[in-house]
Amino acid sequence: MAISLQNVQFAYSEAPDKTVLNIRHWSVSEGEQVFVHGPSGGGKSTLLNLLSGILKARGGEVSILGERLDQMGSRQRDRFRANHIGYVFQQFNLIPYLDAIDNIQLAAHFSARKRRQALDDEIRELLSILNISPADWHKPTTRLSIGQQQRVAIARAMINKPELLIADEPSSSLDQQNRDKFMSLLMPLVADHKMTLLFVSHDMSLSQYFKRIEALSNINAACEIH
Ligand code: ADP
Ligand code: MG
């Protein structure tokens, strides 16, 4: 299993009485691509942060790629994430003053697996596949378009060849045409690398790219249907 959750509960420490996640059982097989949709505020980002070990569950079992995240300390979870999980954030979280290559190199730096020599070639190849032209490789990422920044964020998430790719509404700031382009670049890359993909969004039109589609309200008992 890529993801397996049992009786998972989560509340933010700022609001301990408000249960944000209450998941009895949920799992995703390795190599599956899953689209989870739900309303804003339903707990999508919280779920992804929990699965990647950024947040820790209050109770229950969180197994990722057969490892119990809930039994790890925060440093172990950070190391696990760097080695096994690629994360694409809604707001990209690129380092603005670094160029595309340096942003991706930085992600590779945190992973123990990466051998140095092949890295530059792999970065160039990924950027090319993702349609970032060489002229843009050395610009600070703030000088790239939103669409380009989003594709650099994908390259950064994929450089360590993570088994699990997590995407948090990564195309919500793109217009329809760029959103379709983005998805048609992302999906074959994920398939080629046989990655497990968990993609969340409130935008149901993106579900066409997925075979497995789930409503967050069916997974998370704390997410009310509006
Ligand atoms: P979504 O990604 O589906 O929009 P979130 O996971 O961001 O939903 O938020 C779920 C709930 O948790 C919301 O009610 C939100 O206000 C609350 N929440 C999110 N982040 C925090 C935080 N850092 N501290 C306290 N509450 C939070
Ligand atoms: Mg969110």
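First listed ligand is number 1; within each ligand, the first listed atom is number 1.
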_Counting only heavy atoms from other residues, nucleotides and ligands, does the tally under 6.0 Å from CD of Gln208 exceed 12?_
yes
*Using non-hydrogen atoms of the residue, decide whether Lys18 is closer than 4.0 angstrom to ligand 1.*
yes
*Let me see the working for Asp203 and Ser205 under side chain to side chain donor-acceptor pair (under 3.5 Å), right down to the final yes or no.*
CA-CA 6 Å; Asp203 180 1; Ser205 73; 2.8 Å; yes
*asked:* Tell me whether Glu169 has any N or O atom under 3.5 angstrom from an N or O of ligand 1.
replied: no
*Looking at atom 15 (C) of ligand 1, is any protein heavy atom nearer than 4.0 Å to it?*
no
*asked:* If you take the nearest heavy atom of each of Gly43, Ser13, Pro39, which one is closest to atom 8 (O) of ligand 1?
replied: Gly43
*asked:* Please determine whether residues Leu165 and Leu126 belong to a single hydrophobic cluster, defined as Ile, Leu, Val, Met, Phe, Trp and Tyr linked transitively by side-chain heavy-atom distances below 4.5 Å.
replied: yes
*asked:* To check your reading of the model: name the closest protein heavy atom to atom 11 (C) of ligand 1, its residue, and the distance in Å.
replied: Gly41 O, 3.6 Å
*Return the number of protein N, O or S atoms with a distance to the Mg ion (ligand 2) smaller than 2.8 Å.*
1
*Side chains of Met158 and Met195: closer than 4.5 Å at any heavy-atom pair?*
yes
*Check whether any heavy atom of Gly42 sits under 4.0 Å from an atom of ligand 1.*
yes
*Short N-O contact, Asp78 and Arg75, less than 4.0 angstrom*: no
*How would you list, by chain and number, every residue that makes a ring pair (Phe, Tyr, Trp, His ring centres under 6.0 Å) with Phe210, sequence neighbours excluded?*
Phe35, Phe199
*Just checking, any donor-acceptor pair under 3.5 angstrom between side chains of Tyr97 and Asp102?*
no
_So, regarding Val20 and ligand 1 (criterion: nitrogen or oxygen to nitrogen or oxygen, under 3.5 Å), is there a contact or not?_
no
*Kindly check if the number of other-residue, nucleotide or ligand heavy atoms within 6.0 Å of CZ (Arg24) is above 12?*
no
*Among the clusters formed by ILVMFWY side chains lying less than 4.5 Å apart, do Leu206 and Ile219 turn up in the same one?*
no
*Would you mind listing which atoms of ligand 1 come within a distance below 4.0 Å of any non-hydrogen atom of Thr46?*
5 (P), 6 (O), 9 (O), 10 (C)
*asked:* To check your reading of the model: name the closest protein heavy atom to atom 17 (C) of ligand 1, its residue, and the distance in Å.
replied: Tyr12 CE1, 4.0 Å
*Which value, rounded to the nearest 0.5 Å, describes the distance between Asp136 atom CG and Thr141 atom OG1?*
11.5 Å
*asked:* Under 4.5 Å between side-chain heavy atoms, counting indirect links through other Ile/Leu/Val/Met/Phe/Trp/Tyr residues: same cluster for Met183 and Phe89 or not?
replied: no
*To which of Cys223, Ala222, Ser45 does the heavy atom nearest atom 7 (O) of ligand 1 belong?*
Ser45
*To the nearest 0.5 Å, tell me how far Leu69 CG sits from Glu61 CD.*
12.0 Å
*Can you find a non-hydrogen atom of Gly38 under 4.0 Å from ligand 1?*
no
*Can you list the ligand 1 atoms lying under 4.0 Å from a non-hydrogen atom of Ser40?*
4 (O)
*Select one of side chain, backbone, both or neither to describe which atoms of Glu14 lie under 4.0 Å from any atom of ligand 1, heavy atoms only.*
side chain
